[in-house]
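Below: one structure, written as structure tokens.
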Amino acid sequence: MTSSEQARIDHLMMHQALQLARKGVLTTAPNPAVGCVLTKNNQIVGSGWHQRAGAAHAEVNAIADAGDAAVGATAYVTLEPCSHFGRTPPCVNALIDAKIARVVVAMQDPNPQVAGNGISRLRDAGIEVDVGVLESAAANLNPGFIHRMMTQLPWVRVKLAASMDARTALANGQSQWITSPQSRADVQYWRAHSDAILSGADTVLADNPRLTVRAAQWPESRPIPTQLKQPVRIIIDSQNRIHDELSLFDELSPVWLIRTQETDASRHPHCHQVIVKAAENGKVDLHDMLVELALREINLIWTECGATLAGVLLQQQLVNELYLYQSSQLLGHQARAMLELSELTILQQAQQIQVTDWRQVGNDRRIIGVPMPQQIKG
């Protein structure tokens, strides 16, 4: 077989492994979603994916699926096999014990406990290893996990819903509903991809949301997963205003209250306090909050908050992606603004957003963008 033919086969099989990995995207946190296929004579003899934290990893499931056919097979895996004892034994041991002949890895694991060690151990055992096949696609599967491992911070997505003239509510506070039912269903999909939903006390007290994933509102265009995990609800509450009568506490998923000092917390069994540093203004230090959440294995945060908190997160460069749902309504200048940002004196100070996706959702537009680093401060 020529090198170009082998490359074609490698891409095809890794694509199959990525398809398997996507089955676990909603259920594996805090672990990454990983898929694996085993082949002999370019035919798949075993396949598997990581289904949830604490369960067998993708490689182990694929080996079990292949049985005796695993001996001498090639393994295609979307993330470097783990080489340490965590919730499960190291996957490299399973690959070595199964007498796998070759391992093709999409990307190196950024986890410092692995980070090349798994690849080295396989090579030391005489197994041929190739790395980098469909690497970008593999990285896109687990943005939160990869970001947390590399920066010790979660990946933060901020959701905004606004009119065509960038207003989020009428002057009297009425905001239901600016966007279409299809947009609200799409939000359920992205909530489900998150480990946590973040909001501020002002928004929670004003709107009394549940901040849950609801199957009844799931997008019609997407199959409903057999398991819908409920993200942790995280509320920034530096003034200790959150109380048990809120709709948050009608649900069973946990509520974490971000505060700067211990207080008489809600006695609700699913409510916990996370104490973080105070900023100079006495409010929650948002960077320290994200550090604390990363230490608690929160990979990806979906943020639904008011204009003030969204603006501060953006200006402190703590936002990794913006999800803007823009309706076709016009609300006028008296309506409430989408973001509260510091006044600009020159246009070069404006925050630049790189649009990565734009599509129609119902009668709305959903724009996904990445905030670019600001070079000019004034």
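Starting from 1, each residue takes its place in the sequence as its number.
Ring geometry for Trp155 versus His147: interplanar angle over 60°, hence perpendicular rather than tilted (30 to 60°).
For the atom pair CD1 of Ile234 and CG of Leu293, the computed distance is 4.5 Å after rounding to the nearest 0.5 Å. Atom NE2 of His193 is separated from atom NZ of Lys229 by 9.0 Å, given to the nearest 0.5 angstrom. In this structure, CG on Asn240 lies 7.0 Å from OG1 on Thr260, to the nearest 0.5 angstrom. Atom CD in Gln51 sits 6.0 Å away from atom CG in Asn61 (nearest 0.5 Å). In this structure, Tyr189 OH and Asp186 CG are separated by 8.5 Å, a value rounded to the nearest 0.5 Å. Put simply, SG on Cys36 and NE2 on His50 are 13.0 Å apart, with the number rounded to the nearest 0.5 Å.
Between the Glu297 side chain and the Ala294 main chain, no donor and acceptor come within less than 3.5 Å of each other. Proximity of a side-chain donor or acceptor of Asp165 to a complementary backbone N or O of Gly332 within less than 3.5 Å is detected. The backbone N or O of Val274 sits nowhere less than 3.5 Å from a side-chain atom of Arg259 that would complete a donor-acceptor pair. Using a distance-only test at 3.5 Å, with no hydrogens or angles considered, no donor-acceptor pair links the side chain of Ser238 to the main chain of Val284. A donor-acceptor distance shorter than 3.5 angstrom exists from the side chain of Arg184 to the backbone of Thr179, with no hydrogens or angles considered. Remark: the backbone N or O of Leu300 is paired with a side-chain donor or acceptor of Asp195 at under 3.5 angstrom. A donor-acceptor distance shorter than 3.5 angstrom exists from the side chain of Thr28 to the backbone of Asn31, with no hydrogens or angles considered. Looking at Glu321, its side chain never comes within 3.5 Å of a backbone N or O of Ile368 through a donor-acceptor pair. Between the Gln188 side chain and the Trp218 main chain, no donor and acceptor come within less than 3.5 Å of each other. Of the possible donor and acceptor atoms, none in the side chain of Asp237 sits under 3.5 Å from a partner among the backbone N and O of Leu257.
Residues Ile301 and Leu295 share a hydrophobic cluster, clusters being chains of Ile/Leu/Val/Met/Phe/Trp/Tyr side chains in contact below 4.5 Å. Residues Val158 and Val370 are members of separate hydrophobic clusters, defined by side-chain heavy-atom contacts under 4.5 angstrom among Ile, Leu, Val, Met, Phe, Trp and Tyr. Ile146 and Val131 fall within the same hydrophobic cluster, defined by Ile, Leu, Val, Met, Phe, Trp and Tyr side-chain heavy atoms under 4.5 Å apart, directly or through other members. A continuous path of ILVMFWY side-chain contacts below 4.5 Å connects Leu324 to Trp358, so both sit in one hydrophobic cluster. Linking Ile, Leu, Val, Met, Phe, Trp and Tyr residues whenever their side-chain heavy atoms come within less than 4.5 Å places Trp256 and Leu313 in a single cluster.
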Step by step, would you call Arg365 with Met164 a side-chain contact (heavy atoms from CB on, under 4.5 Å)?
CA-CA 9 Å; Arg365 289 153 295 281; Met164 187 176 286; 3.3 Å; yes
Apply the test side-chain hydrogen bond (donor to acceptor under 3.5 Å, both in side chains) to residues His243 and Glu245: give CA-CA distance (whole Å), side-chain angles for both, the deciding distance (0.1 Å), then the verdict.
CA-CA 6 Å; His243 54 81; Glu245 286 77 32; 3.0 Å; yes
Residue pair Ile44, Met13: steps toward the side-chain contact (heavy atoms from CB on, under 4.5 Å) verdict
CA-CA 8 Å; Ile44 295 176; Met13 295 304 174; 3.8 Å; yes
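Across all their heavy atoms, Met289 and Val276 have their closest contact at CA-CG1, 3.8 Å. Across Ala162 and Met338, no two heavy atoms sit closer than the pair CB-SD, 3.7 Å. Pro371 and Asn320 get closest at one heavy-atom pair: CD-O, 3.6 Å. A pairwise comparison of heavy atoms in Met107 and Val105 identifies O-CG1, 3.2 Å as the closest pair. Closest approach of Pro110 to Met150, counting heavy atoms only: CB-CG, 3.9 Å. Nearest approach of Cys305 to Ser199, heavy atoms of both residues: CA-OG, 4.1 Å.
Take Trp49 and apply the ring-ring contact (aromatic ring centres under 6.0 Å, His included) test, not counting sequence neighbours, and it matches no residue.
Pairs engaging residues 276-292 under the side chain to side chain donor-acceptor pair (under 3.5 Å) rule: Glu292-Arg296 [sequence neighbours left out].
Between Gln329 and Ile178, the closest side-chain pair of non-hydrogen atoms falls below 4.5 Å. Counting heavy atoms from C-beta outward, Tyr323 and Asp357 have side chains that stay 4.5 Å or more apart. By the 4.5 Å heavy-atom criterion applied to side chains, Gln152 and Val291 are not counted as neighbours.
For the residue pair Thr212/Gln230, the side-chain donor-acceptor check at 3.5 Å is not satisfied. Judged by distance alone, the side chains of Ser180 and Asn363 never bring a donor and an acceptor atom under 3.5 Å apart.
A side chain to side chain contact (heavy atoms under 4.5 Å, CB included) with Ile235 is found for exactly one of Leu211, Leu205, Ile258, namely Leu211. Checking each of Arg233, Arg210, Arg191, Arg157 against Glu304 for a salt bridge (charged side-chain N to carboxylate O under 4.0 Å, His left out) leaves exactly one that passes, namely Arg191. When the options Lys23, Gln16, Arg22 are evaluated for a side-chain hydrogen bond (donor to acceptor under 3.5 Å, both in side chains) with Gln19, the one that passes is Arg22.
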Listed pairs under 3.5 Å, donor-acceptor, residues 64-79 side chains, sequence neighbours left out:
from, atom 1, to, atom 2, distance (Å)
Asp65, OD2, Ser47, N, 2.9
Tyr76, OH, Asp10, OD1, 2.7
Thr78, OG1, Gly35, N, 3.1

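Other residues, nucleotides and ligands contribute more than 12 heavy atoms inside 6.0 Å of the CD atom of Gln360.
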